[in-house]
Every structure is written in structure tokens, then in C-alpha cells.
Peer 1: 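First the structure, then my questions, so here it is.
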There are 2 protein chains.
Amino acid sequence: MPKVPPVLLDQQLCFSIYSASKKFNHFYQSALAPFGLTYPQYIAMLVLWEDAPLTVHQLGEHLELDSGTLTPLLKRLEKQGWVSRVRSQTDERQVLIHLTEMATAKREEVYARIGQCQNLLGMTDKEIDDTMAELATVKSQLDTVSRQRLITKNIDSHQ
Amino acid sequence: MPKVPPVLLDQQLCFSIYSASKKFNHFYQSALAPFGLTYPQYIAMLVLWEDAPLTVHQLGEHLELDSGTLTPLLKRLEKQGWVSRVRSQTDERQVLIHLTEMATAKREEVYARIGQCQNLLGMTDKEIDDTMAELATVKSQLDTVSRQRLITKNIDSHQ
DNA sequence: TTTCAAAATATTGTATACAATTAAATTGTC
DNA sequence: GACAATTTAATTGTATACAATATTTTGAAA
């Protein structure tokens with residue numbers, strides 16, 4: 001006889017978010033196809049358009065990605081002409097990511113494209129803000145739990 | 001002079017969801033470490049605990065994943081003793097995924113573990129329901145847009 | 001019944017993610 | 001100034017995702 005209620009996939013917030021994330025990925029992949037950008041490449045470009053040049057580490061802080069993901073991603077962006085990767089003169093450990101002229105030239109075009117795509121979502125600014133606020137709460141809780149390592153230290157009584 | 005406003009990463013709903021999805025992934029990866037399950041493996045097990053045996057195709061419908069992802073994932077689950085993959089007798093094209101005795105035996109333990117982890121989130125049922133409802137709206141919109149292929153057909157004027 | 005389209009799974013190739021390790025450069029400390 | 005600890009990227013290995021293709025089986029139509 002079950003001591004705990006069943007865990008139903010369709011009632012899981014995690015799956016709801018996981019699924020939405022994949023759909024957004026697909027959505028932007030299609031929308032950005034004319035530019036040949038994947039979704040992760042696109043968000044990297046967003047950060048760089050705001051703030052280039054940035055080191056790999058700085059870019060990673062914005063995107064919450066490490067060099068294991070970023071190094072190959074940036075090499076692909078470089079190959080396709082969006083960025084250049086330049087070893088810093090003042091600190092040889094760092095690699096500075098610069099925008100190319102092409103990237104600067106296409107910035108407005110991509111912004112316009114994304115604006116149109118967002119209109120297709122048919123959500124008001126308030127709806128978007130509210131959803132993001134709730135997600136911020138969830139993420140904050142997840143961060144807290146991870147930071148406190150409650151999971152691996154305190155609950156592992158059955159191990 | 002910019003014709004369109006800049007697209008700021010931190011104001012993007014897509015990034016908010018992408019980031020939350022990664023955090024959840026990490027959260028469950030830690031929580032399920034004692035069982036040696038990754039997050040995608042875990043949600044596959046959730047569906048199977050509800051409904052096994054299922055064909056690869058049926059499982060994929062619940063998870064929104066295709067055989068390209070599921071086949072290797074299920075092989076890993078099989079290797080670790082959670083499932084068995086059996087070619088159907090009545091239709092040799094299908095592979096039925098059955099739970100092993102170990103999987104059935106560990107079901108309650110995993111449910112309990114996940115229940116504890118969800119408590120750590122500190123969200124009320126209502127808060128979770130509300131967030132999921134908003135995400136359902138977003139996903140529905142994304143599906144509609146994808147289905148209508150508006151992106152690739154109607155907006156591609158600059159191509 | 002032969003044939004051909006459709007269905008189910010597997011495979012291949014590309015692109016993330018991320019843990020763990022490596023390698024090089026820099027900093028702090030004595 | 002030597003040198004250990006730290007920082008930064010890159011690399012390695014494993015596990016998703018998913019498009020595209022291949023293979024096998026089934027079902028339906030001629």
C-alpha cells in the first residue's frame with residue numbers, strides 16, 4: 001500500500017517549465033533560421049550586443065554557462081562571422097569576445113525580428129512580467145536549496 | 001539610429017524559462033543522485049510508473065521526445081536495471097518498455113524523495129497551479145505559432 | 001498478391017550542458 | 001623574488017535534444 005501519493009508528470013511544475021523551455025527553443029530556432037543562429041547562440045549575442053567586448057567568464061555569468069559550453073559555442077559563432085576571440089593583452093588567461101562588423105550591422109535586424117516574434121505570443125507586458133516574477137520566485141528557491149545543500153546532506157537518511 | 005528598442009536578456013521570458021529549466025534540472029539531478037537518475041530519466045520513469053508497459057512512441061508522446069532521444073536514454077535505463085526493452089510480438093516494429101522489479105520496488109522511495117524536495121520549494125499548491133496555468137498559456141501560443149508556420153512563411157520578408 | 005506508402009525504431013550528425021580535469025597565467029605571501 | 005593558491009580557458013567524457021536518414025514491419029490499394 002502506497003505511503004505517499006503518486007507523482008504525476010502532468011502536475012509537475014518542473015515538467016511544465018522543461019516543456020516550455022523546449023518549445024521556446026524551437027520557436028526561436030525557427031525565427032532565427034534566416035540568421036543561422038541557434039537559441040543559445042542568440043542569447044550569447046544578446047549579451048554581447050549589450051556589452052561587448054566581454055571575457056568568456058563575464059559572458060558566462062550573464063548566461064549561467066561555463067567555458068565547457070561557451071568555448072565551443074563561441075568557436076562556432078566565430079566561424080560564422082559573428083564574433084572574434086582575442087587573447088587579452090593585459091591578462092593572458094582571458095579571452096575577449098568582440099563583435100564583428102557583421103554582428104553590429106545585423107543587430108537592428110535581429111532586434112526587429114525578435115520583436116515581431118514576441119508579438120505573435122499575444123501576451124501583454126503585464127502577463128509577461130507576472131510570469132517572470134513567479135519564475136523568479138521559483139528560481140530563487142532552487143538557488144537557496146542548492147546553496148544550502150539540504151538535498152545531499154540532510155535528507156539522505158535512506159542512503 | 002535604432003529603429004527598434006534593444007532586446008535585453010534579463011527581460012526575456014524565454015531566458016527566464018530557460019534558466020529556470022536548467023535550475024530544476026540541477027535540483028533534481030542532486031535530489032535523485034542516490035538513485036543514479038538524471039532528470040530526463042526520472043520523468044521517463046514517472047510516466048512508466050503511471051502506465052507501463054508503453055511503446056517508445058507512446059512514452060515519447062507523454063514526454064514530447066522522439067526515438068532519437070529516447071532510444072539511447074532507454075538503453076541507459078535498461079543497463080542500470082530500471083526497465084527492459086522487449087520487441088512486441090504482435091507488431092515487430094514496436095518496442096515495449098517494461099518496468100523491472102527493482103523499478104517497481106523503488107517507486108515509493110522515489111515518490112517520497114520527490115515529495116520532500118518539493119516541500120523545499122516552499123510554494124503553495126495555488127502558487128504552483130497559477131504558474132503552471134500561465135506557462136500553459138505560453139506553450140499554447142508557441143504551439144499555435146509553430147503549427148501555423150507563421151514564422152518561416154509570413155515574416156520572412158527580409159530573406 | 002504484389003507493391004507501395006506509412007509507421008516505429010534505430011542511427012548519424014550537430015549542438016548544447018555540465019562535471020571533472022588540465023594547462024597556463026596571475027596574485028598573494030613570505 | 002620564489003612559490004603556492006587562485007583564476008581563466010580549454011579539454012574530456014557523459015547525457016540530452018533533435019533533424020535527417022535508414023531499416024524493418026505493417027497495412028492498404030491495385
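Please read these numbers as outputs of a predicted model, since none were measured by experiment. Computed over heavy atoms, backbone and side chain alike; hydrogens, waters and symmetry mates excluded.
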Peer 1: Would you say D:dA17 has OP1 or OP2 under 4.0 Å from some side-chain N or O of A:H26?
Peer 2: no

Peer 1: Mind calculating the distance between CD1 (A:I97) and C1' (D:dT8) to the nearest angstrom?
Peer 2: 12 Å

Peer 1: Give a yes/no answer on whether the side chain of A:T55 brings an N or O atom under 4.0 Å of OP1 or OP2 in D:dA9.
Peer 2: yes

Peer 1: Does a side-chain N or O of A:K22 approach OP1 or OP2 of D:dC18 to a distance below 4.0 Å, or not?
Peer 2: yes

Peer 1: Please tell me which of the listed nucleotides, D:dA9, D:dA15, C:dT11, lies nearest to the side chain of B:Q41?
Peer 2: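 Closest nucleotide to the B:Q41 side chain: D:dA15.
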
Peer 1: What's the verdict on side chain to side chain donor-acceptor pair (under 3.5 Å) for A:Q118 and B:Q12, showing C-alpha distance, side-chain angles and the deciding distance?
Peer 2: CA-CA 10 Å; A:Q118 285 171 341; B:Q12 298 302 301; 2.5 Å; yes

Peer 1: In whole angstrom, give the distance that lies between atom CD of B:Q94 and atom C1' of D:dT23.
Peer 2: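 Rounded to whole Å, this separation is 16 Å.
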
Peer 1: Should B:S19 and A:E64 be marked as a side chain to side chain donor-acceptor pair (under 3.5 Å) after you check the CA-CA gap, both sets of side-chain angles, and the distance that decides it?
Peer 2: CA-CA 8 Å; B:S19 168; A:E64 297 164 36; 3.1 Å; yes

Peer 1: Can a donor-acceptor pair be found, under 3.5 Å and without considering hydrogens, that links the side chain of A:R85 to the backbone of A:L74?
Peer 2: no

Peer 1: Taking the nucleotide of DNA chain C with the closest heavy atom to each, which residue, B:R87 or A:Y39, is nearer the 5' end?
Peer 2: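 Comparing both residues, the 5'-ward one is B:R87.
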
Peer 1: A:T69 or B:K75: which one's nearest nucleotide on DNA chain C is closer to the 5' end?
Peer 2: B:K75

Peer 1: Please state how far atom CZ in A:R85 lies from atom P in D:dA9, giving the value in whole angstrom units.
Peer 2: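 Checked: the CZ to P distance equals 11 Å.
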
Peer 1: Can you check the A:I43 CD1 to C:dT16 C1' distance for me, whole Å?
Peer 2: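 In whole Å, C:dT16 C1' and A:I43 CD1 are 10 Å from each other.
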
Peer 1: Without decimals, in angstroms, what is the distance between B:Q58 CD and C:dA8 C1'?
Peer 2: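 Distance, rounded to whole Å: 11 Å.
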
Peer 1: What is the distance from CG of B:L54 to C1' of C:dT9, rounded to the nearest Å?
Peer 2: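 Nearest whole value for this atom pair: 15 Å.
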
Peer 1: Indicate, with a heavy-atom threshold strictly under 4.0 Å, whether B:D91 touches base, sugar-phosphate, or nothing.
Peer 2: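 Counting heavy atoms under 4.0 Å across all strands, the contact made by B:D91 is with sugar-phosphate only.
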
Peer 1: With heavy atoms under 4.0 Å as the rule, sort B:S21 into base, sugar-phosphate or nothing.
Peer 2: nothing

Peer 1: For B:L65, report the nucleic acid contact type (base, sugar-phosphate, nothing); a contact means any heavy atom under 4.0 Å.
Peer 2: sugar-phosphate

Peer 1: Salt bridge between B:K126 and B:D130, side-chain N to carboxylate O under 4.0 Å?
Peer 2: yes

Peer 1: Between C1' on D:dT11 and CG on A:D66, what's the gap in Å once rounded to a whole number?
Peer 2: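 A:D66 atom CG is separated from D:dT11 atom C1' by 12 Å.
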
Peer 1: Decide yes or no, distance alone: a donor-acceptor N/O pair under 3.5 angstrom between the base of C:dT9 and the side-chain of B:R93.
Peer 2: no

Peer 1: On DNA chain D, compare the nucleotides closest to B:Q89 and B:P40; which residue's is nearer the 5' end?
Peer 2: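 Whichever sits nearer the 5' end wins; that is B:P40.
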
Peer 1: Return the value, rounded to whole Å, for the distance between atom CE of A:M45 and atom P of C:dT16.
Peer 2: 13 Å

Peer 1: Can you identify which nucleotide, out of D:dT16, C:dA8, D:dT8, has its nearest atom closest to the A:H57 side chain?
Peer 2: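 Selected nucleotide (nearest to the side chain): D:dT8.
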
Peer 1: Checking A:T131 against A:M123 for the side-chain contact (heavy atoms from CB on, under 4.5 Å) test, could you report, in this order, the C-alpha distance in whole Å, the side-chain angles of both residues, the deciding distance, and whether it holds?
Peer 2: CA-CA 10 Å; A:T131 306; A:M123 293 179 74; 4.1 Å; yes

Peer 1: Using a cut-off of 4.0 Å on non-hydrogen atoms, how would the nucleic acid contact of B:E64 be classed: base, sugar-phosphate, or nothing?
Peer 2: sugar-phosphate

Peer 1: Of the nucleotides C:dT9, C:dT16, C:dT11, which one has an atom closest to the side chain of A:R76?
Peer 2: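 Comparing C:dT9, C:dT16, C:dT11 against the side chain of A:R76, the answer is C:dT16.
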
Peer 1: What nucleotide, of C:dA19, C:dT9, C:dT16, holds the atom closest to the side chain of B:S67?
Peer 2: C:dT9

Peer 1: Mind telling me whether A:Y42 and A:Y28 have parallel, tilted or perpendicular rings, with 30° and 60° as the class edges?
Peer 2: parallel

Peer 1: Nearest nucleotide by nearest heavy atom, which residue falls closer to the 5' end of DNA chain D, A:K23 or A:L74?
Peer 2: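 Nearer the 5' end of the strand: A:L74.
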
Peer 1: Between D:dT11, C:dT16, D:dT16, which one does the side chain of A:T71 approach most closely?
Peer 2: D:dT11

